[in-house]
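Every value quoted in this text rests on a predicted model; they were computed, and no experiment measured them.
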Amino acid sequence: MKKLFIASLMGVSFASFGQFEKTENLKFTPGNNSFELLISPFADSPIKFNEVKYRHFNSSNSAFRLTANVTHSASNVVSQAEIDSLDQKELRSKSSAFTINLEPGYEHHFAGTERLSPYIGGALGLGLRRTSEYNDVQVDDKVYYTKHTNGQQLDGVGPDQMGYFSWGLNAFAGFDFYVTKNLFLGTEFGLGFTQFNYLKAKVKSDVEGFAKPNAVKQGSSTSLAKGANGSIRLGFLF
C-alpha cells in the first residue's frame, strides 16, 4: 500500500512535467489561498488529518498562515476481572489526553522559478494539553475510584503525561514545488523555542475518608528544537 501511494505521487509529478513542455508560471498569485495536509509515505497512516495548514497569499511574495494540530487519545481497560466465587469485582483503568496547537505565522517568498517557491518566515506557537487518569480499587466488597487530572510529578510520570499551556516562537525556511496548476508539494525546516507552563495537578476520589488535597503547582520547562520536518506537505491552491 505504501509503495502504491509513493508510486501514485511520482506518477502525478511526471505526468505534470509532460503536460507543460514549455514551462509556465504555476505558482500562487495575490489573493490565492491554500490548504495543506502532511504526508508521511513510510508511516502506517501516510496522510495525517490531525494537522492542517491554511495560507492566504496577500501579495506576490508574502503569505499569512495558520497551522492547527489536534490530537486525542483514550483508553479503557479492565485491570481486574470479575470473579464471583472470589468476591472479586471488575476494576477498570482509564486514561485520556487532549492536545491542541495553533501556530499563526508569516512567510516571505523569494523569486525562485516558475515552479519553485522558496520562503522564510516566523510563527507564534500556542498549545494546550489536558490529561486524566482514572483507576478503580476494591476495598472489601466495594469499588472506589481515584482520578488524577493533568498528571502529577511522581516517579514514572513525565512531562508527556502532564497537562500544560505552552507558547513559543519559531523561525523556519522551506519551499513549495508546484507539480501542476494549483497543486504543490513542499517541505520545511526550522528552529523553535517553546515554554511549557504545567497545569495544576488535581486528585479526587470517592474512597471513604478521602480528603481532597489542594491543587499542586507543577512548574514549567523550556524546549529548543531544530531540524527538518520528516513529512511532505501536499497543498492545494484555491
Side-chain angles (χ1 to χ4, degrees), residues 37-38 40 43-53 66-104 123-170 192-227 229-231:
L37 296 174
L38 288 182
S40 300
D44 293 334
S45 300
I47 299 180
K48 298 180 181 179
F49 292 98
N50 64 315
E51 179 172 316
V52 296
K53 183 168 75 175
L66 176 64
T67 303
N69 181 291
V70 179
T71 59
H72 177 262
S73 62
S75 66
N76 184 348
V77 299
V78 176
S79 56
Q80 176 179 286
E82 183 176 5
I83 304 177
D84 291 335
S85 61
L86 299 177
D87 293 327
Q88 183 171 294
K89 304 290 185 179
E90 180 182 276
L91 304 181
R92 290 186 171 271
S93 177
K94 306 175 186 178
S95 64
S96 67
F98 173 80
T99 307
I100 180 170
N101 292 292
L102 298 175
E103 191 175 279
L124 169 67
L126 300 171
L128 178 67
R129 177 179 173 86
R130 295 185 64 87
T131 66
S132 68
E133 184 175 350
Y134 171 106
N135 291 287
D136 286 331
V137 61
Q138 181 176 349
V139 179
D140 297 327
D141 62 342
K142 295 183 178 181
V143 175
Y144 301 96
Y145 78 89
T146 300
K147 181 179 181 181
H148 293 262
T149 303
N150 295 324
Q152 196 170 14
Q153 288 182 322
L154 301 174
D155 291 340
V157 176
D160 297 3
Q161 299 157 281
M162 295 161 62
Y164 61 75
F165 168 76
S166 67
W167 67 272
L169 297 174
N170 303 297
F193 164 85
T194 306
Q195 168 82 24
F196 294 93
N197 298 305
Y198 296 108
L199 302 179
K200 292 181 179 179
K202 300 178 182 179
V203 183
K204 67 177 183 178
S205 176
D206 64 349
V207 174
E208 293 181 3
F210 177 81
K212 184 178 179 180
N214 294 327
V216 179
K217 293 182 179 181
Q218 303 193 96
S220 62
S221 67
T222 58
S223 173
L224 182 65
K226 61 180 179 179
N229 191 322
S231 300

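- Here CH2 of W167 is found 8.5 Å from CG of L124. Values are rounded to the nearest 0.5 Å.
- Counting only distance, with no hydrogens or angles, the side chain of S79 and the backbone of L91 share a donor-acceptor pair below 3.5 Å.
- Distance CD/E133 to OG1/T149: 10.5 Å, rounded to 0.5 Å.
- In summary, R92 and E90 engage in a salt bridge, as defined by a charged side-chain N under 4.0 Å from a carboxylate O.
- Nearest heavy-atom pair, F193 versus N170, reported as atom, atom and distance to 0.1 Å: N-OD1, 4.0 Å.
- Closest approach of Q88 to A81, counting heavy atoms only: NE2-O, 2.7 Å.
- Heavy-atom minimum distance, S166 versus F196: CB-CD2, 3.8 Å.
- How far NZ of K204 is from NZ of K202: 10.0 Å, rounded to the nearest 0.5 Å.
- For the atom pair NZ (K89) and CG (D141), the distance works out to 6.0 Å, reported to the nearest 0.5 Å.
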- request: Would you sort out whether N197 and Q195 count as a side chain to side chain donor-acceptor pair (under 3.5 Å), showing the intermediate values?
  value: CA-CA 7 Å; N197 298 305; Q195 168 82 24; 3.3 Å; yes
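- Q138 places no side-chain N or O within donor-acceptor distance of the main-chain N or O of Q80, the cut-off being under 3.5 Å.
- In this structure, the separation between NZ on K94 and CG on D136 is 7.0 Å, given to the nearest 0.5 Å.
- Taking the side chain as every heavy atom from C-beta outward, R130 and N150 approach each other to under 4.5 Å.
- For D206 (side chain) and Y145 (main-chain N/O), a donor-acceptor pair under 3.5 Å exists by modelled atom type.
- When all heavy atoms of S221 and Y198 are compared, the closest pair comes out as OG-OH, 2.8 Å.
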- request: Decide yes or no on side-chain contact (heavy atoms from CB on, under 4.5 Å) for V52 and L37, but give the supporting numbers first.
  value: CA-CA 5 Å; V52 296; L37 296 174; 3.5 Å; yes
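- K200 and Q218 make their closest contact through C-NE2, 4.2 Å (heavy atoms, listed as atom of the first residue, atom of the second, distance).
- Remark: the S75 side chain and the S95 side chain contain an N/O donor-acceptor pair separated by less than 3.5 Å.
- Expressed to the nearest 0.5 Å, how far CZ of F98 lies from OG1 of T131 amounts to 13.0 Å.
- Here the closest heavy-atom approach between residue F210 and residue V203 is recorded as CZ-CG1, 4.0 Å.
- Contact of the Y164 side chain with the T99 side chain is registered, since non-hydrogen atoms from C-beta on lie closer than 4.5 Å.
- At most 12 non-hydrogen atoms from other residues, nucleotides or ligands lie less than 6.0 angstrom from CG of D140.
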